[in-house]
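Take a look at the structure set out below.
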Amino acid sequence: MAESNDKPGTGRHAKRISSILVTQPKPTNDVSPYFSIAEKYGIKVDFREFIEVQPVSYKDFRKEKVNILEHTAIIFTSRNAVDHFFRICQEAKIEMPAEMKYFCISEQTANYLQKYIVLRKRKLFVGQRTAADLFDVIKKHKSEKFLYPCSDIRKDDIPEFMRANNFKFTEAVIYRTVASDLSDLSDVKYDCIAFFSPSGISSLFINFPDFEQNGTRIAAFGPTTAKAVLEAGLELDIEAPQPNAPSMTGAIEAYIRYHHGADAGKEKSKTGKQNA
């Protein structure tokens, strides 16, 4: 949880959270921790993507003059990267050779990769969760020529690491990240908004240039998102991951319990859409 000068239940934190907007897609199953928070504390939880992914056409990809088959290893950091890479391959009529190596940022991404290829342990290398975790794995493969399919908006950590360590490395933009149209939310307010990327913060101000935080609590996942919140002139109330709350839901629940007590939010609002 972000540090606060207010004591529990005082100042801008005194108002109980009765509505949360999560700036991600709605979970596809009913066992999400968000639903548990909604049920446990009587909180309305809505989901809305603040950013959209648009494919780079094969025609535009060709302008980058990237020869996929000149590379011996591919770095994947998201499902979007996997989907759009194999879309490009399909349009280019490229079949990935059996000896191609794949470096995935997490087990989740690695498992998703199986949608497109049959994986073997000898060609799959997986990090724990972050790019920094994957660097230790990549260091053991100095002789590879790496391809990094990514968005036009991406973190600098992987390119900086590859250049600093003199790896053979090519970056290829295969999709773009743009702000979603959120105009239908102009009159809808929430007690808490949870962000997961700097792009989400940018989308907020693209859609609502005059946005004022007032009593809305801002939650951020990851240090780059937290930095974007502060640089936008907003107060950061909930920060994840934390040692006692590695997930966004854990951090939100810790905030609720700290500021409003274990039974916070059980009295549901009778006013329909919430204002913050």
Other than [X], which residues form its hydrophobic cluster under the rule that side-chain heavy atoms must be closer than 4.5 Å?
X: Val31; value: none
X: Phe146; value: Ile75, Phe103, Phe125, Leu134, Phe135, Val137, Ile138, Tyr148, Ile158, Phe161, Met162, Phe167, Phe169
X: Ile153; value: none

- According to the salt bridge (charged side-chain N to carboxylate O under 4.0 Å, His left out) rule, which pairs have a member within residues 102-113, sequence neighbours left out?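 Salt bridge (charged side-chain N to carboxylate O under 4.0 Å, His left out) check on residues 102-113 returns no pairs.
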- Message: So, using ring pair (Phe, Tyr, Trp, His ring centres under 6.0 Å) as the criterion, who are the partners of Tyr58 when residues are at least two apart?
- Response: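 Testing Tyr58 for ring pair (Phe, Tyr, Trp, His ring centres under 6.0 Å), a comparison that skips the adjacent residues, returns none.
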- Query: side-chain contact (heavy atoms from CB on, under 4.5 Å) between Thr170 and His71: does it pass, once the steps are laid out?
  - Reply: CA-CA 9 Å; Thr170 306; His71 299 82; 2.8 Å; yes
Is a side-chain N or O of [X] found less than 3.5 angstrom from the main chain of [Y], in a donor-acceptor match?
X: Arg257; Y: Tyr255; result: no
X: Asn67; Y: Leu69; result: yes
X: Thr216; Y: Tyr190; result: yes
X: Ser32; Y: Tyr34; result: yes
X: Arg79; Y: Gln108; result: no

I want to check something: taking the side chain as every heavy atom from C-beta on, are [X] and [Y] in contact at a cut-off of under 4.5 Å?
X: Asn214; Y: Lys189; result: no
X: His259; Y: Asp237; result: no
X: Phe50; Y: Ser197; result: no
X: Met96; Y: Cys89; result: yes

- Message: Could you check whether Ser199 and Thr177, counting side-chain N and O atoms only, form a donor-acceptor pair closer than 3.5 Å?
- Response: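 No - no donor-acceptor pair under 3.5 Å links their side chains.
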- Query: Between Asn80 and Ser78, do the side chains contain an N or O donor and an N or O acceptor separated by less than 3.5 Å?
  - Reply: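 Asn80 vs Ser78: no donor-acceptor pair found between side chains.
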- Message: Run the salt bridge (charged side-chain N to carboxylate O under 4.0 Å, His left out) test against Glu64 and tell me which residues pass, sequence neighbours left out.
- Response: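 Checked Glu64 against salt bridge (charged side-chain N to carboxylate O under 4.0 Å, His left out); zero matches.
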Test of understanding: with side-chain hydrogen bond (donor to acceptor under 3.5 Å, both in side chains), list the residues that count as partners of [X], not counting sequence neighbours.
X: Ser247; result: Thr249
X: Ser203; result: Asn207
X: Asn165; result: none
X: Glu144; result: Thr72, Lys101

Out of curiosity, [X] [atom1] to [Y] [atom2], how far, rounded to the nearest 0.5 Å?
X: Cys150; Y: Ile174; atom1: SG; atom2: CD1; value: 7.5 Å
X: Ile218; Y: Cys192; atom1: CD1; atom2: SG; value: 7.0 Å
X: Phe205; Y: Asp210; atom1: CZ; atom2: CG; value: 10.0 Å
X: Ile252; Y: Ile20; atom1: CD1; atom2: CD1; value: 4.5 Å
X: Arg163; Y: Glu171; atom1: CZ; atom2: CD; value: 7.0 Å
X: Ile238; Y: Ile256; atom1: CD1; atom2: CD1; value: 7.0 Å

Determine the minimum heavy-atom distance between [X] and [Y], stating which atoms define it.
X: Phe195; Y: Thr23; value: CA-OG1, 3.5 Å
X: Glu239; Y: Ala226; value: OE2-CB, 3.7 Å
X: Ile51; Y: Gly200; value: CG2-N, 4.1 Å
X: Thr225; Y: Phe221; value: OG1-O, 2.9 Å
X: Ala240; Y: Ala251; value: CB-CB, 3.8 Å
X: Val229; Y: Ala220; value: CG2-CB, 4.1 Å

- Message: My understanding is that only residues two or more places apart in sequence, or in another chain, count here; which of them pass side-chain contact (heavy atoms from CB on, under 4.5 Å) with Lys59?
- Response: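 Testing Lys59 for side-chain contact (heavy atoms from CB on, under 4.5 Å), a comparison that skips the adjacent residues, returns Ser57.
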- Message: Tell me every residue that passes side-chain contact (heavy atoms from CB on, under 4.5 Å) with Glu95, counting only those two or more places apart in sequence or in another chain.
- Response: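 side-chain contact (heavy atoms from CB on, under 4.5 Å) list for Glu95, sorted by chain: empty.
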- Item | Derivation and outcome, side-chain contact (heavy atoms from CB on, under 4.5 Å), residues Ile74 and Met100 | CA-CA 8 Å; Ile74 302 174; Met100 182 67 76; 4.0 Å; yes
Find out if a path of hydrophobic residues (ILVMFWY) with successive side-chain heavy-atom gaps under 4.5 Å connects [X] to [Y].
X: Leu124; Y: Val82; value: yes
X: Leu230; Y: Leu234; value: yes
X: Leu204; Y: Val188; value: yes
X: Ile68; Y: Phe76; value: yes
X: Leu182; Y: Val178; value: no

Looking at [X], I want to see if its [atom1] is surrounded by more than 12 non-hydrogen atoms of other residues, nucleotides or ligands under 6.0 Å.
X: Lys145; atom1: NZ; value: yes
X: Lys123; atom1: NZ; value: yes
X: Asn29; atom1: CG; value: yes
X: Gln90; atom1: CD; value: no
X: Lys142; atom1: NZ; value: yes

- Task: Start with the C-alpha gap between Gln24 and Met248, add the side-chain angles, then the distance that decides, and say whether side-chain contact (heavy atoms from CB on, under 4.5 Å) holds.
- Result: CA-CA 12 Å; Gln24 284 189 327; Met248 176 64 87; over 6 Å; no
- Please lay out, stage by stage, how Phe85 and Tyr116 fare under the test ring-ring contact (aromatic ring centres under 6.0 Å, His included). CA-CA 10 Å; Phe85 174 78; Tyr116 294 96; 9.1 Å; no
- Task: Using a strict 4.0 Å threshold on nitrogen-to-oxygen distance, state whether Asp156 and Arg154 make a salt bridge.
- Result: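 Yes.
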- Electrostatic pair Arg48-Asp46, nearest N-O below 4.0 angstrom: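 Not counted as a salt bridge, because no side-chain N and carboxylate O are separated by less than 4.0 Å.
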- Message: Under the criterion side-chain contact (heavy atoms from CB on, under 4.5 Å), I'd like the reasoning laid out for Thr109 against Thr77: C-alpha separation, chi angles, the key distance, then a yes or no.
- Response: CA-CA 7 Å; Thr109 304; Thr77 58; over 6 Å; no
